[in-house]
Amino acid sequence: MSDHFPTIPKIQYEGPLSDNPLSFHHYNPEELIAGKTMREHLRFGAAYWHCMRNGLGDPFGEGTALMPWDNGEESLDNALSRVPVFFEFLEKIDIDYYCFHDRDISPEGESLSQTHEMFHQVVDALETSQKQSGKKLLWGTACLFSHPRYAQGAATSPNAEVFSYAASQVKNALDATHRLGGQGYTFWGGREGYGSLINTDMKRELDHLAAFLHMAVDYAKKIAYQGQFYIEPKPREPSTHQYDSDAAACLNFLREYDLLDHFKLNIETNHATLAGHTMEHELEVAMGADALGSIDANRGDELLGWDTDQFPTNLYGTTNVMLRLLKMGGFSTGGLNFDAKRRRESHEPEDLFHAHIGGMDAFARGLKIAHKIIADGRFEEFVKLRYSSYDEGIGAEIEGGKVSLERLDEYAQQITPPQLCSGRQERLENLLNDYL
Ligand code: XUL
Ligand code: CO
């Protein structure tokens, strides 16, 4: 194994009393919870783009990240030399899965065919490293938002040649994902939206986006790629409005264009916040349609209005996510991918470890707390009781689709005016705090 993090040992579980910051205090990978190990429940993934390619710049200043293994060149050699560094990181942090965009792992060439050629050479290196380490690809994707050619969209660009370029990237990224045994393939519509409606034919752009996704589904069938397709909602940034703005908008789009059988959603916490929703709202919308596939785990900052992609450390947040995941019966193809970056001030390689340790420990605690809440059953019991008027009598008839408006008109006039029970929100909020 390479040694690019010489001062970092393999991170081990040392328990909550340990004062070693380079250890897990709560994430104990082999500990059993409800019949599965923590490792199996949580299926952590690391993002190649944030770990290896994010220099930590912001709109006001250049990057600060120290990356002694990187010579700063957009070359194939430099791309290849990042691969062992990333796998050493995965090994030391004990994360089993990773995710990448095509342009994170390899650069643009002079021509599109040269770009693809370099890309597949790096994919060869990833394949070798995966075999040696046992690490797995959670999902792959194509970066259809950084290059200036995508300034006006990719599949929703007004220019058909740009659409074709994007299709070519997706074909190659799908080939690579298939080869690497990727369990999923994500579409995040980075610039699939508009800056202004003044120059936009929205209906035409949406039709194009659907055609693009159908082509990907058809191609996956052709190459016998069985992984799960995901759409990742986000309302804005970089576009003023993105067509995949939240879970409900994505589901509506997928249904309208007959794509719902082929896609699930990859829900990201900070994107939920930007959409004006809680993460748990987005998860429940996706779950209601049996379409929760994977999670990009991070958080925003209450004081900043943009996608800060911070590491998740908020226990309410991780508990709320794990409550939904446990109720769903866990991931099948998906996982908890840390689509998160360090703050610009945390520029040393060691900070990559502290950041991921914090996220992993926060999710381990979320998992334990959520399991306890579900095992106790008090929330479930309360909610069940709250809706119990639908379990029998007129309620059961309503749910069974057996009554008409006229019948309810007659019924309502006979009964004494309805008495409501308290929703007990504050009592339940106190109860949640008791578990934390
Ligand atoms: C951008 C974002 C992406 C997707 C993959 O906000 O979250 O990194 O996860 O393209
Ligand atoms: Co993401």
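From a predicted model like this one, the values you see are computed outputs, not experimental measurements. Every number for a ligand or one of its atoms is a count from 1 in the order of the listing.
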- Message: Nearest 0.5 Å, please: how far is CG in N270 from CG in D309?
- Response: 5.5 Å
- Aromatic contact, F187 with W139 (centres under 6.0 Å): no
- Go through the steps for I369 and M322 under the test side chain to side chain contact (heavy atoms under 4.5 Å, CB included), then give the verdict. CA-CA 9 Å; I369 298 164; M322 292 316 299; over 6 Å; no
- Item | Under 3.5 Å: donor-acceptor pair, side chain of R191, backbone of S157 | no
- Task: Output, in order, the C-alpha distance, side-chain angles, deciding distance and verdict of side chain to side chain contact (heavy atoms under 4.5 Å, CB included) for Y27 and I357.
- Result: CA-CA 8 Å; Y27 178 58; I357 288 170; over 6 Å; no
- Message: Out of all atoms in ligand 1, which are within 4.0 Å of some heavy atom of D307? Include the element for each.
- Response: 6 (O)
- Number the atoms of ligand 1 from 1 as they appear, then name those within less than 4.0 Å of a heavy atom of K234, with their elements. 6 (O)
- Any donor-acceptor N or O pair under 3.5 Å, side chains D207, Y257: yes
- Message: Tell me whether T186 has any N or O atom under 3.5 angstrom from an N or O of ligand 1.
- Response: no
- Closest N/O/S atom of E232 to the Co ion (ligand 2), by atom name? OE2
- Is there a heavy atom of W139 sitting under 4.0 angstrom from any atom of ligand 1? yes
- Query: Closest to the Co ion (ligand 2), which N/O/S atom of E268 is it?
  - Reply: OE1
- Here the atoms of ligand 1 under 4.0 Å from any heavy atom belonging to E232 are 2 (C), 3 (C), 4 (C), 5 (C), 7 (O), 9 (O)
- Message: If we only consider heavy atoms of F187, is any one of them less than 4.0 Å away from an atom in ligand 1?
- Response: no
- Task: Ignoring hydrogens, just give me the one of H271, E237, H101 whose non-hydrogen atom is nearest atom 5 (C) of ligand 1.
- Result: H101
- Message: Let's go through F87 and Y98 carefully: what are the C-alpha distance in whole Å and the side-chain angles of both, what is the deciding distance for ring pair (Phe, Tyr, Trp, His ring centres under 6.0 Å) to 0.1 Å, and is it a yes or a no?
- Response: CA-CA 10 Å; F87 278 80; Y98 73 103; 5.6 Å; yes
- Query: Quick one: do K234 and E282 make a salt bridge, cutoff under 4.0 Å?
  - Reply: no
- Message: Please classify the D309 to ligand 1 contact at 4.0 Å (heavy-atom distances, strictly less than): side chain, backbone, both or neither.
- Response: neither
- To the nearest 10°, what's the angle at the Co ion (ligand 2) between atoms OD2 (D339) and OD2 (D296)? 100°
- Task: Could you find the nearest protein heavy atom to atom 8 (O) of ligand 1 and give me its residue, atom name and distance?
- Result: D339 OD2, 3.3 Å
